[in-house]
Colleague: 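Quick one: structure below, then a few questions.
These numbers come from the heavy atoms of this one structure, side chains and all, not from hydrogens, waters or symmetry mates. Chain letters run A, B, ... following the sequence lines, proteins first and then strands; every chain starts at 1. Everything numeric here is computed off the predicted structure, so don't read it as measured data.
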Number of protein chains: 2
Amino acid sequence: MAEQLKSIEEFMKSRGFKLTRPRRRVVEKLLAVKGHVTADDLIDLLRKGGTPVSRATVYRTLGIVSQSGLIDGHDFQGGKKVYEPMVGRAHHDHLFCISCGKVIEFSEEAIERLQDLVVARYRFTPVYHSHKIFGYCETCTPKPALKARRS
Amino acid sequence: MAEQLKSIEEFMKSRGFKLTRPRRRVVEKLLAVKGHVTADDLIDLLRKGGTPVSRATVYRTLGIVSQSGLIDGHDFQGGKKVYEPMVGRAHHDHLFCISCGKVIEFSEEAIERLQDLVVARYRFTPVYHSHKIFGYCETCTPKPALKARRS
DNA sequence: TTAAGACTGATACGCAGTCTCAATTTGATA
DNA sequence: TATCAAATTGAGACTGCGTATCAGTCTTAA
Ligand SMILES: [Zn+2]
Ligand SMILES: [Zn+2]
Ligand SMILES: [Zn+2]
Ligand SMILES: [Zn+2]
């Protein structure tokens with residue numbers, strides 16, 4: 001955990017940013033929370049934790065660190081970004097349940113390889129990608145068995 | 001083209017919506033423009049074309065027709081949706097140039113198949129997906145040859 | 001003709017995120 | 001330790017896409 005913080009501090013230094021106390025609070029809170037959180041989640045958590053940080057600083061910090069790939073932001077629902085730490089984690093993509101909001105992470109190396117093929121085909125230089133599949137998770141999917149019984 | 005309009009009209013009827021004159025104007029304009037346009041692009045085009053339609057109606061119409069899969073909306077840049085007609089077209093995904101904004105469409109059947117595999121693994125019922133690769137298009141990618149010469 | 005219901009458009013509103021700018025903090029230097 | 005320029009902070013104003021509201025209009029079928 002301190003390890004992860006260190007990585008982030010290094011990145012910021014390399015870009016001429018300081019890991020100030022407010023910024024550290026934001027990053028530490030994000031690292032402490034497992035899963036995907038919004039900027040406002042972080043603001044609430046920090047306030048409740050007795051170490052409030054201004055909205056502007058939270059957004060700015062997330063913006064800066066996002067550039068490093070050490071944290072990732074995703075837009076699932078309509079226009080509300082969720083962030084997750086990526087320090088020391090492998091790349092993954094997401095399934096999102098449009099009924100309950102559940103987020104499932106998946107890795108499929110074969111897909112990643114095929115993307116290399118696609119970009120090569122168009123002489124495109126990829127920087128990052130977003131692959132999201134929307135639908136119903138197991139508990140939100142209507143059971144076919146029940147449907148059949150009804151008829 | 002009238003063919004495409006017909007499909008959209010059928011969908012709307014089936015859902016209890018009427019293809020009124022303002023709605024038809026919006027849809028026809030979208031079908032007429034090749035490529036990806038925003039709601040405001042459509043508003044401008046309609047106004048310049050002498051057949052203005054209110055903002056609300058444009059947004060509402062795009063929202064209604066989007067539900068059919070006959071047009072698709074994508075969010076590339078920050079929070080500005082672009083729409084494209086899908087009537088009679090096959091599914092495809094996108095490359096987006098973060099330098100010039102160019103959009104390249106691609107189809108990779110193998111990726112689509114692998115997605116089936118992924119969702120099955122999690123007993124997930126897919127409804128739609130979004131697969132976007134961001135980076136630099138051919139003309140925006142710095143040429144390695146030039147770089148080498150410099151050193 | 002009349003009336004119920006769908007639709008339109010002007011505009012107010014919501015909301016995530018950004019910008020502004022005076023006050024504060026940082027950290028390099030004397 | 002004192003000093004100062006540069007970076008950062010935070011409160012709140014602001015932006016911009018999209019949605020909600022609602023009075024007035026258009027349809028359509030008695
Ligand atoms: Zn991926
Ligand atoms: Zn994730
Ligand atoms: Zn696809
Ligand atoms: Zn497309």
Colleague: Evaluate salt bridge (Lys or Arg N to Asp or Glu O under 4.0 Å) for A:E109 paired with A:R113, printing each intermediate quantity in order.
Modeller: CA-CA 6 Å; A:E109 258 311 308; A:R113 296 275 158 65; 3.1 Å; yes

Colleague: Over how many whole Å does the gap from B:H74 atom NE2 to D:dG18 atom P extend?
Modeller: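 Interatomic distance, NE2 of B:H74 to P of D:dG18: 14 Å.
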
Colleague: What closest approach, in Å, do B:L70 and B:S7 show between heavy atoms, and which atom pair accounts for it?
Modeller: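 Result for this residue pair: CD1-O, 3.8 Å.
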
Colleague: Output the single nucleotide from C:dG9, D:dG10, C:dA16 whose closest atom is nearest the side chain of B:A56.
Modeller: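 Given the options C:dG9, D:dG10, C:dA16, the side chain of B:A56 is closest to C:dG9.
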
Colleague: Rounded to whole angstroms, how far apart are CG on A:D75 and C1' on C:dA16?
Modeller: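 About 10 Å, once rounded to whole Å.
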
Colleague: Could you check which of D:dG18, C:dG17, C:dG9 has an atom nearest any side-chain atom of B:S54?
Modeller: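 For B:S54, the side-chain atoms sit closest to C:dG9.
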
Colleague: Find the distance A:D41:CG to C:dA16:P and express it as a whole number of Å.
Modeller: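 The distance from CG of A:D41 to P of C:dA16 comes to 11 Å, rounded to the nearest Å.
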
Colleague: Counting only heavy atoms not in A:R121, do more than 12 sit closer than 6.0 Å to its CZ atom?
Modeller: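 Count over threshold, so yes.
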
Colleague: Roughly, in whole Å, what's the span from CD1 in A:I43 to P in D:dA11?
Modeller: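 Roughly 11 Å, once rounded to whole Å.
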
Colleague: For B:D75, does its backbone N or O pair with a side-chain atom of B:K132 as donor and acceptor, under 3.5 Å?
Modeller: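 Such a contact is found between B:K132 side chain and B:D75 backbone.
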
Colleague: Under 4.5 Å between side-chain heavy atoms, counting indirect links through other Ile/Leu/Val/Met/Phe/Trp/Tyr residues: same cluster for B:L45 and B:L5 or not?
Modeller: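 Same cluster.
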
Colleague: Return the nearest nucleotide to the side chain of B:R60; candidates are C:dT8, C:dA16, D:dG10.
Modeller: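 Out of C:dT8, C:dA16, D:dG10, the nucleotide with an atom closest to B:R60's side chain is C:dT8.
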
Colleague: Whole angstroms only, please: what is the CG-P distance between A:D44 and C:dA16?
Modeller: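 The answer, rounded to whole Å, is 11 Å.
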
Colleague: With a cut-off of less than 4.0 Å, is there a side-chain N or O of A:Y59 near OP1 or OP2 of C:dG17?
Modeller: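 Yes, such a contact exists.
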
Colleague: Which word best sums up how the rings of B:H131 and B:F106 line up, parallel for under 30°, tilted for 30 to 60°, or perpendicular for over 60°?
Modeller: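 Correct class here is perpendicular.
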
Colleague: Using only modelled atom types and a 3.5 angstrom limit, is any donor from either the side chain of A:R55 or the base of D:dG12 paired with an acceptor on the other?
Modeller: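 No, the side chain and the base share no sub-3.5 Å donor-acceptor pair.
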
Colleague: Using whole Å, report how far CG of B:L62 lies from P of C:dT8.
Modeller: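 It works out to 13 Å between those atoms.
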
Colleague: From CZ of B:R25 over to P of D:dC26, roughly how many Å is that when rounded to an integer?
Modeller: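 Answer to the nearest Å: 12 Å.
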
Colleague: Using a strict heavy-atom distance below 4.0 Å, which residues from residues 12-24 of chain A are in contact with DNA chain D?
Modeller: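 The answer is A:F17, A:K18, A:T20, A:P22, A:R23.
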
Colleague: Can you label the angle between the B:F76 ring and the B:F96 ring as parallel, tilted or perpendicular, going by 30° and 60°?
Modeller: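 Taking B:F96 first and then B:F76, their aromatic rings lie parallel (interplane angle under 30°).
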
Colleague: Starting at CG of B:D40 and ending at P of D:dG16, how long is that distance when rounded to a whole Å?
Modeller: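 Interatomic distance, CG of B:D40 to P of D:dG16: 11 Å.
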
